[in-house]
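In this text the structure is predicted, and so the values were computed from the model without any measurement. No hydrogens, no waters, no symmetry mates; every other heavy atom, side chains included, goes into these values. Quick note on labels: first sequence line is chain A, next is B, and so on, each numbered from 1.
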There are 2 protein chains.
Amino acid sequence: MPPADHAVRLAWPGRAEFARPPLATLKVVQPGAASTRLVWGDNLSALAALGAGQERAHLVYMDPPFFTGREHTHVERSRGKDGIVRRLLPAFDDRWGSLQEYLQELGSRIQSARDLLDPAGCLVLHVDPKTSHYAKVLCDEIFGAQAFASEIVWRYRRWPAKTKNFQRVHDVLLRYVRDPETEPRFKQLYEPLAPSTAKTWGKSRQRAVVDARGRRRRSSVTEEASPGAPLGDVWDISIIAPVARERTGYPTQKPEALMARLVEACTAPDDLIVDAYCGSGTTLAVAARLGRRAIGIDQSPQALEISRKRLSALGIQAQEECLVLQKRERLRPLARAAGAAGLPVLVAGPRPA
Amino acid sequence: MPPADHAVRLAWPGRAEFARPPLATLKVVQPGAASTRLVWGDNLSALAALGAGQERAHLVYMDPPFFTGREHTHVERSRGKDGIVRRLLPAFDDRWGSLQEYLQELGSRIQSARDLLDPAGCLVLHVDPKTSHYAKVLCDEIFGAQAFASEIVWRYRRWPAKTKNFQRVHDVLLRYVRDPETEPRFKQLYEPLAPSTAKTWGKSRQRAVVDARGRRRRSSVTEEASPGAPLGDVWDISIIAPVARERTGYPTQKPEALMARLVEACTAPDDLIVDAYCGSGTTLAVAARLGRRAIGIDQSPQALEISRKRLSALGIQAQEECLVLQKRERLRPLARAAGAAGLPVLVAGPRPA
DNA sequence: GCAGTTAATGAATCGCATG
DNA sequence: CCATGCGATTCATTAACTG
């Protein structure tokens with residue numbers, strides 16, 4: 001069921017419908033036994049293959065390339081005889097013919113992600129302030145503007161750039177709920193009270209007071225301890241320090257603290273989380289730590305390798321490798337490589353009636 | 001000269017060219033003698049009338065209605081015999097037939113604002129996270145994507161709303177430079193170092209250190225005192241407290257601290273600032289305090305009245321009232337009212353050859 | 001002056017009337 | 001009926017006031 005039509009849309013020459021890979025060309029992903037799974041393949045096919053199965057996700061997180069026009073590299077560190085040796089390896093390619101080409105691909109993936117969501121679930125799309133605006137107009141088309149929940153601003157600190165402009169120190173996370181009519185999964189989190197509030201009211205919760213004439217009076221102090229202020233949509237979380245233990249060397253790695261907030265607020269234990277651009281596996285690691293089931297998708301075997309190592313370092317052995325096969329010739333090389341690497345392949349049953 | 005064509009655009013049924021009021025229908029605003037001026041009239045006409053004149057602005061600030069679908073009210077306070085009496089008066093109407101109608105009007109004003117900018121000047125458009133994305137796509141069309149400078153996030157603290165979502169606690173300010181090839185007006189401002197940085201490095205400035213093989217070493221501490229970190233694009237500034245002295249009662253009033261940052265960073269003394277939605281006159285007050293010339297435009301005589309009082313409380317007597325006249329019948333009542341109120345009317349010479 | 005106390009409110013949100 | 005509107009409810013926030 002598509003959302004109500006949105007009169008204001010993005011237009012570009014030759015804009016086509018967003019692709020929905022036909023079911024006939026896919027092997028559908030089965031519900032797996034393990035609570036953390038890795039899917040190797042094109043994420044458009046993978047999202048469609050998952051959507052054709054019976055499972056529904058409470059959170060789909062997408063951290064696509066930001067249309068930077070660059071090829072991003074993975075910094076691999078190893079111990080050589082002269083100390084630590086750094087090797088630069090290509091990780092993912094963020095070069096596109098044009099903005100419209102980028103948006104065409106992104107839109108298809110957003111659409112397939114939506115199909116995979118539970119009615120109480122949500123999509124979180126992680127972008128930067130240059131692409132977020134185009135992405136939001138696309139999302140409004142796909143989900144309906146009513147489904148827009150939050151623009152979360154992730155504010156971080158970094159080494160300043162020499163520029164005649166304000167330093168860019170934030171990313172944007174767009175959150176859409178699948179169905180605005182359904183009560184969404186949401187756990188209220190709190191942040192510390194502002195210093196000025198704490199000074200005036202201490203740690204007690206306040207209560208609004210209205211007199212007989214309907215006018216506001218001074219709020220009263222209650223016995224209850226305040227849990228803090230309900231969490232806002234601007235999050236001050238530091239980027240992964242160059243020497244941090246969680247750092248993998250994979251480019252554009254996101255901090256676990258950021259993902260933990262999202263996962264805690266938007267899902268409950270045992271819910272399914274899908275990360276369509278898995279990368280170094282931050283989402284999977286956080287999901288496992290917080291007792292959520294998770295599936296990570298990535299096209300790059302190197303990314304999956306890093307994720308697999310990271311998970312096993314956490315003692316998570318139960319994850320499986322699986323591979324989305326498209327029957328088309330294009331993905332045959334992946335399939336052959338998978339066979340050579342001894343990866344099991346999962347296929348799945350039909351969508352419930 | 002229009003910017004390079006942008007292939008990705010917003011489309012809606014019946015989208016028309018953005019209106020540029022024909023010069024023949026306008027009386028053009030003259031450069032005024034006073035450093036703070038008020039213009040009463042429709043801001044589209046007023047921006048066009050200013051653009052047809054000789055002056056160029058280094059900052060055009062626009063704080064339009066946010067497409068809230070509501071009529072906003074002004075809380076007027078006066079001293080009655082039973083204490084303070086509050087009266088609710090309509091201030092501005094933010095009800096629209098549709099999003100496209102809103103965007104059509106907004107786009108015309110953005111376009112006229114651009115025409116008025118100095119090559120080293122910039123536009124700042126203040127919106128909320130629901131409209132910012134549409135507004136940015138429009139601005140990219142009008143200015144060219146290259147002219148996009150910053151998405152500034154204004155983060156404030158407010159009473160919590162009871163909602164199954166992250167609390168919305170930020171506004172968005174989109175900044176575009178007039179000409180990306182020209183060195184923009186920009187004064188580097190600083191913010192306090194992060195606590196973790198101050199702990200490690202104290203108040204001294206750091207210097208990057210690179211060894212003979214081109215590898216980064218631990219940075220060195222310099223003698224120089226650090227001025228802080230170059231100001232970022234996420235600003236934590238409190239809203240105007242219910243009991244603050246600067247509060248006028250006019251709805252959606254912006255804090256002076258916010259405007260002061262913008263004005264200091266984006267203009268130099270004696271530069272011209274134009275506020276197309278002047279409201280209670282915050283921009284004018286700040287501009288005057290910082291020694292910038294300023295013109296405020298508003299359609300509402302009540303808004304101008306509040307601004308005039310606010311300015312005269314600051315000892316600024318030199319401001320003039322002027323009125324943009326359109327020769328069309330539609331604005332005749334305004335003109336008649338202006339005459340009745342004894343307001344002088346400024347008209348101006350032609351654009352320079 | 002400084003520190004502790006007081007005051008006022010919402011570019012909110014929700015839910016029940018009203019056509 | 002299903003939009004729309006208006007009235008009731010919310011409590012963290014911070015400048016001004018008081019002693």
Nucleotide N/O of nucleotides 9-13 of chain C paired with protein N/O under 3.5 Å:
unit_1: C:dT9; atom_1: OP1; unit_2: B:R77; atom_2: NH1; d: 2.6
unit_1: C:dT9; atom_1: OP1; unit_2: B:R77; atom_2: NH2; d: 2.9
unit_1: C:dT9; atom_1: OP1; unit_2: B:R86; atom_2: NE; d: 3.3
unit_1: C:dT9; atom_1: O4; unit_2: A:R216; atom_2: NH1; d: 3.3
unit_1: C:dT9; atom_1: O4; unit_2: A:R216; atom_2: NH2; d: 2.1
unit_1: C:dG10; atom_1: OP1; unit_2: B:R247; atom_2: NH2; d: 2.7
unit_1: C:dG10; atom_1: O6; unit_2: A:R216; atom_2: NH1; d: 2.5
unit_1: C:dG10; atom_1: N3; unit_2: B:W159; atom_2: NE1; d: 3.0
unit_1: C:dA11; atom_1: N6; unit_2: B:D63; atom_2: OD1; d: 2.7
unit_1: C:dA11; atom_1: N6; unit_2: B:P64; atom_2: O; d: 3.3
unit_1: C:dA11; atom_1: N6; unit_2: B:K254; atom_2: NZ; d: 3.4
unit_1: C:dT13; atom_1: O3'; unit_2: B:K162; atom_2: O; d: 3.1

Spacing between [X] atom [atom1] and [N] atom [atom2], to the nearest angstrom:
| X | N | atom1 | atom2 | value |
| --- | --- | --- | --- | --- |
| A:K199 | C:dT6 | NZ | P | 14 Å |
| B:R157 | D:dC11 | CZ | P | 19 Å |
| B:E256 | D:dT14 | CD | C1' | 16 Å |
| B:I240 | C:dA7 | CD1 | C1' | 17 Å |
| B:Q167 | D:dC11 | CD | P | 11 Å |

Can you find an N or O donor on one side and an acceptor on the other, under 3.5 Å apart, linking the side chain of A:W201 with the base of C:dT5?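 Absent.
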So, is A:T197 close to the D:dT13 phosphate, meaning a side-chain N or O under 4.0 Å from OP1 or OP2?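 So the side chain of A:T197 is within the cut-off, an N or O lying under 4.0 Å from OP1 or OP2 of D:dT13.
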Discussion item. Angle between ring planes, B:F148 versus A:H133, binned at 30° and 60°: parallel, tilted or perpendicular?
Written reply: perpendicular
Worksheet item: Hey, what's the ring geometry for B:Y102 with B:F67, parallel, tilted or perpendicular (30° and 60° as the breaks)?
Response: tilted
Main chain of [Y], side chain of [X]: is a donor-acceptor contact present, judged purely on distance under 3.5 Å?
| X | Y | result |
| --- | --- | --- |
| B:T131 | B:V127 | no |
| A:W154 | A:I237 | yes |
| A:S226 | A:R205 | no |
| B:N43 | B:I297 | no |

>> At 4.0 Å (heavy atoms only), tell me whether B:S238 reaches a base, stays on the sugar-phosphate, or touches nothing.
In response: sugar-phosphate
Of A:R207 and B:R245, the one whose closest nucleotide on DNA chain D sits nearer the 5' end is A:R207
Practice problem: Would you mind telling me which residue lines up with the more 5' stretch of DNA chain D, B:G69 or A:P227, judged by nearest nucleotide? | Solution: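 Its nearest nucleotide lies further toward 5', so the answer is B:G69.
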Are B:T267 and B:R292 close enough that a side-chain donor and a side-chain acceptor fall under 3.5 Å?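 Result is yes, a qualifying pair exists.
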Quiz item: Say you pick atom P in C:dA8 and the same atom in C:dA12; how far apart are they, in whole Å?
Solution: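 Those two atoms are separated by 23 Å.
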Could you tell me how far C:dT13 sits from C:dT9 if I compare only their C1' atoms? Round to whole Å. 15 Å
Scanning all shown strands, the Watson-Crick or wobble mate of C:dA8 with both distances under 3.5 Å is D:dT13
Which one, D:dC11, D:dT13, D:dT14, comes nearest to the side chain of A:T200?
->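 Nearest to the side chain of A:T200 among the choices is D:dT14.
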